[in-house]
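Here is the structure we will look at.
Note that this is a predicted model, so its numbers are computed, not measured. The basis for the numbers below is simple: all heavy atoms, side chains too, and nothing from hydrogens, waters or symmetry mates.
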Amino acid sequence: MRYLMLSKMQDTQPDEKLFADMAAFIEEMTASGVLLATGGLDPAGFKIESSGDDVTITDGPFTEAKEAVGGFALVEVRSRDEAIELGRRFRKIVGDGESVIHQVFG
């Protein structure tokens, strides 16, 4: 089962401990084959809307900075519970905030 784990932007700047803890977590997930991809996201982005033959492109940002998704991880795990556990471990490393996890179909 694949899950896309999204984390909202943080108001605080990361410190050396956070970088070290995240590096260890990412290394562990990579070594176990769970982590498929990870990265940060541009908070502005752009939106593409279509209606019939018309396609409109609108530059972001679209939400308040505190609502913007700041990063993602694509993981492959055996169960929803395993995805939740990875999410819990991530939140313990980065501290207060919000993450959203979606199962990826197909």
**Fill in**
For Met9 and Val69, the nearest pair of non-hydrogen atoms, with its separation, is CG-C, 4.1 Å
**Asked** Please, which pairs that meet side-chain hydrogen bond (donor to acceptor under 3.5 Å, both in side chains) have at least one residue in residues 92-106, sequence neighbours excluded?
**Response** Lys8-Glu98, Arg91-Ser99
For residues 77-85, tabulate all N or O donor-acceptor pairs below 3.5 Å that involve a side-chain atom, not counting sequence neighbours.
{"from": "Ser79", "atom 1": "OG", "to": "Asp81", "atom 2": "N", "distance (Å)": "3.4"}
{"from": "Ser79", "atom 1": "OG", "to": "Glu82", "atom 2": "N", "distance (Å)": "3.1"}
{"from": "Glu82", "atom 1": "OE1", "to": "Arg78", "atom 2": "N", "distance (Å)": "3.1"}

**Prompt:** Would Val75 and Met5 count as a side chain to side chain contact (heavy atoms under 4.5 Å, CB included) if you check the C-alpha gap in whole Å, the side-chain angles of each, and the deciding distance to 0.1 Å?
**Reply:** CA-CA 8 Å; Val75 298; Met5 309 173 91; 3.8 Å; yes
Throw together a table of side-chain donor-acceptor distances under 3.5 angstrom for residues 33-60, partners on residues two or more places apart or in other chains.
{"from": "Thr38", "atom 1": "OG1", "to": "Phe72", "atom 2": "O", "distance (Å)": "2.9"}
{"from": "Asp42", "atom 1": "OD1", "to": "Ala44", "atom 2": "N", "distance (Å)": "3.0"}

**Asked** Side-chain heavy atoms under 4.5 angstrom apart, residues restricted to Ile, Leu, Val, Met, Phe, Trp, Tyr: same cluster for Ile93 and Tyr3?
**Response** yes
**Asked** Quick one: hydrophobic cluster around Phe105, which other residues, with the 4.5 Å side-chain cut-off, linked directly or via members?
**Response** none
**Fill in**
Sorted by chain and residue number, the salt bridge (Lys or Arg N to Asp or Glu O under 4.0 Å) partners of Arg88 (sequence neighbours excluded) come out as none
**Message:** When you group the ILVMFWY residues by side-chain heavy-atom contacts below 4.5 Å and let the links chain together, are Leu86 and Ile101 in the same group?
**Reply:** yes
Going by atom type alone, with no hydrogens or angles, which donor-acceptor pairs under 3.5 Å involve a side-chain atom of residues 18-28 and a protein atom two or more places apart or on another chain?
{"from": "Asp21", "atom 1": "OD2", "to": "Lys17", "atom 2": "NZ", "distance (Å)": "2.6"}
{"from": "Glu28", "atom 1": "OE1", "to": "Arg89", "atom 2": "NH2", "distance (Å)": "2.8"}
{"from": "Glu28", "atom 1": "OE2", "to": "Arg89", "atom 2": "NH1", "distance (Å)": "3.0"}
{"from": "Glu28", "atom 1": "OE2", "to": "Arg89", "atom 2": "NH2", "distance (Å)": "3.3"}

